[in-house]
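Worksheet: the structure to be examined is printed underneath.
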Amino acid sequence: MFTKINSWKLFLIAPIALLFAGQTNAAEIHNSASSQELHQTDAPTRRLIDATAPAEESVLQALPSNISSKRKLAQQPNATQPIAPTPHNLTNPADEVEATDDMSQVTSVSQLTDVRPTDWAFQALQSLVERYGCIAGFPDRTYRGNRATTRYEFAAGLNACLDRVNELIAASTADLVKKEDLATLQKLQEEFSVELATLRGRVDALEARTTTLEKQQFSTTTKLSGLGWFNITGAFTGDDIQYEGVPGSPAEARFAGVRTAAGTPVVGQADSAETTFSFLTWLTLTTSFTGRDSLITQLAAGNGISPYNQFASAGFFNASGVPFTDQTAGTVNGRNDVVIHDLFYSFPVGESITVTVGPRVNWYRHFDFNRFSFFLTGASSFDSIGSTQTNTIDRGSGAVIEWNISPQLRFAAGYLGENTEFLPSQFGFNTSSNPAFGLFGGTNTTTAELTFSPSSTFNLRLGYNHSRIQAYGGQVGGAIGEPLPYGYVDAGPGFSVLDPITGGVTSGGLKYAAADAFTVNFDWLISPRFGIFGRYGYATTKLNPIDETVNTQSFQVGVGFPDLGKKGALGVVTFLMPMDITRGRRFFAAGGGDGGTQYQLEASYFYPLSNNIAIVPAFYAIFNPNNFASNSTVYVGNIRTQFSF
């Protein structure tokens with residue numbers, strides 16, 4: 001005796017529609033399966049039975065949607081989306097998986113909305129539905145008769161109809177079963193005896209596996225991925241470069257602007273910088289508890305002090321002319337300490353909203369993205385990979401909400417209190433975890449961004465950022481100084497004075513600054529091999545307690561050349577102005593220069609050697625360095641080798 005199969009299996013009986021009303025026989029089906037071609041006859045085209053597709057894959061298409069094959073990974077950089085096997089050449093495999101959750105028995109062929117009386121198999125379907133009751137439709141009341149099937153699917157459908165015939169016989173309704181139909185079924189049972197036996201064993205095994213999966217649901221999984229960079233960098237100039245800061249101080253120790261007794265910034269000179277070879281590495285642990293969420297723990301180590309820093313004014317460290325990957329990860333520049341770079345948890349709320357919360361959320365993961373200035377493949381310096389006026393906090397404690405309003409609109413908003421891994425807490429940084437300041441009393445930033453994408457080739461982003469910037473030594477600026485964006489500001493002449501005897505610096509006179517920045521950012525892939533991009537930012541910074549204002553602006557324009565010389569390669573040329581001081585230059589104890597405006601021209605070329613290794617040469621020219629019109633141009637060359645796994 002046969003055992004009645006579950007409702008989700010019933011959709012596999014589609015091939016049985018070919019068997020009745022005298023339109024085919026077992027031998028014809030066997031020949032069709034062997035040829036693996038569509039036979040054109042006077043009747044409409046019959047469906048091919050593919051004898052080569054594994055039965056496990058065929059039946060897996062019918063598993064309930066809460067099984068792990070339908071789960072999604074939380075979107076992460078360098079995370080991949082798993083794809084379920086699709087042996088049936090489906091238009092949309094996801095639709096098939098979802099549809100099998102709720103197969104429904106039909107009692108009349110008219111209930112199948114895509115079956116017409118003019119269809120060549122209509123009478124066969126009508127007989128199977130109304131006489132034998134072994135046809136099930138999809139939840140949307142379709143039959144999908146044009147979908148290709150396999151011999152195992154055919155065997156499953158045959159098994160369903162055999163079960164139904166046996167039920168009719170057992171119920172003393174044998175008069176409903178035609179003698180010729182029984183003869184056809186007997187021939188088919190003999191023809192597919194091997195497949196039927198194999199199918200029953202495999203279905204039993206799949207049911208056991210399905211039961212186990214339903215009980216276990218999703219197991220906690222942690223995956224390791226990594227990025228590593230080797231950087232060779234040189235910086236060259238034809239003359240001494242003037243910088244503002246304590247004269248003679250090394251680049252990595254220029255963390256305050258100083259003034260003379262007359263109130264003018266103290267100026268030093270640097271004449272050269274040696275070529276360096278450094279490294280930076282990030283190791284990322286991605287943990288999921290439900291299959292849709294992700295806990296990110298990213299570790300970092302590096303030892304770079306990029307050569308251009310030798311020429312930089314106080315507050316310009318790791319800014320102009322410095323490749324982004326040529327840096328130290330920890331708080332002591334040049335020392336390869338291992339630090340926690342990112343630590344946050346992301347989870348979905350409904351189908352369109354994602355929430356990220358944590359003590360060290362990475363601002364760059366959520367805002368100001370651009371296809372041509374992404375640091376892994378595009379523009380490569382600190383100034384060119386993003387806006388110079390909005391990222392007051394690189395990493396911070398707080399939350400970010402992202403809402404995909406529609407395929408064309410995305411809105412993101414977040415609040416972060418400063419908790420940056422490369423800033424030393426003993427000097428008052430990491431304010432969100434410092435009880436003297438806390439999450440809301442120290443340096444913090446609120447960001448909102450609306451992205452409009454009318455097509456896959458064009459993106460327009462409108463951003464707003466409000467920041468509270470804590471003063472250190474009475475000055476505001478440096479790594480947390482955006483949107484100034486670089487240098488140090490104080491209360492003006494008479495403050496931040498360098499004592500020539502003790503070498504000490506008086507207070508800069510500020511407590512904090514409140515800043516508002518507005519930005520626009522776009523990228524446009526005009527053709528598959530050419531695109532343009534750009535940014536513009538304008539900001540106003542109010543200094544407390546003197547109630548004075550500093551206004552700054554910035555811009556960037558560039559062109560990109562995807563697949564230049566090789567599939568996956570990208571060439572980028574960009575010209576930018578990182579900071580133009582339109583008001584309040586007198587409050588700059590460092591970074592104001594002699595009234596000039598710094599500009600940068602950059603070119604980089606991402607060339608993948610393999611899926612995991614790329615080489616990226618880059619060249620920068622920095623005009624009017626440190627906002628001194630009298631300074632010579634500085635040239636920077638960098639070659640990085642990039643490893644990913």
Side-chain angles (χ1 to χ4, degrees), residues 240-271 305 309-319 328 330-335 418 420 422-431 434-437 441-443 468-482 484-513 541-548 550 581 584-594 625-628:
D240 292 350
I241 299 298
Q242 298 180 84
Y243 67 85
E244 293 171 318
V246 179
S249 61
E252 64 272 19
R254 295 176 195 156
F255 296 133
V258 292
R259 297 180 183 271
T260 66
T264 59
V266 174
V267 178
Q269 290 186 335
D271 57 359
I305 303 178
N309 286 319
Q310 295 296 112
F311 305 117
S313 288
F316 281 66
F317 185 84
N318 277 1
T328 298
T331 59
V332 180
N333 289 296
R335 194 171 74 186
E418 185 264 316
T420 308
F422 58 79
L423 296 177
S425 57
Q426 63 266 34
F427 295 113
F429 295 99
N430 301 154
T431 56
N434 186 335
F437 301 102
T443 298
R468 183 192 187 279
I469 309 170
Q470 185 64 37
Y472 298 94
Q475 297 183 1
V476 170
I480 59 171
E482 292 92 344
L484 290 174
Y486 303 123
Y488 285 96
V489 296
D490 59 13
F495 297 88
S496 307
V497 176
L498 177 65
D499 189 321
I501 299 176
T502 65
V505 181
T506 64
S507 172
L510 299 181
K511 293 182 178 180
Y512 67 90
T541 304
K542 182 166 289 189
L543 309 179
N544 182 282
I546 62 174
D547 199 26
E548 294 285 352
V550 175
I581 305 169
R585 189 182 294 266
R586 66 191 180 94
F587 297 107
F588 279 82
D594 61 2
N626 304 322
N627 289 327
F628 280 92

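Positions are given from 1, in the same order as the sequence printed here. Fair warning: this is a prediction, and the values are worked out from it, not measured in the lab.
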I want to know whether Phe429 and Tyr472 have ring centres closer than 6.0 Å. yes

For [Y], is there any backbone N or O sitting under 3.5 Å from a side-chain donor or acceptor partner on [X]?
{"X": "Ser313", "Y": "Asn626", "result": "no"}
{"X": "Glu244", "Y": "Gly591", "result": "yes"}
{"X": "Asn430", "Y": "Thr420", "result": "yes"}

Provide the closest heavy-atom pair for [X] versus [Y] in the form atom of the first, atom of the second, distance.
{"X": "Ala314", "Y": "Ala590", "result": "O-CB, 3.6 Å"}
{"X": "Asn309", "Y": "Ala251", "result": "O-CB, 3.0 Å"}
{"X": "Glu418", "Y": "Leu423", "result": "OE2-CD1, 3.7 Å"}
{"X": "Val505", "Y": "Gly257", "result": "CG1-O, 4.4 Å"}

When you measure from the centre of the six-membered ring of Phe495, is the NZ or CZ of Arg259 under 6.0 Å away and within 45° of the axis? no

Is Arg254 positioned over the aromatic face of Phe317, cation under 6.0 angstrom from the ring centre and no more than 45 degrees off axis? no

Close side-chain approach of Leu498 and Thr260, heavy atoms under 4.5 Å: no

Mind checking whether Phe628 and Val267 have side chains closer than 4.5 Å, heavy atoms only? yes

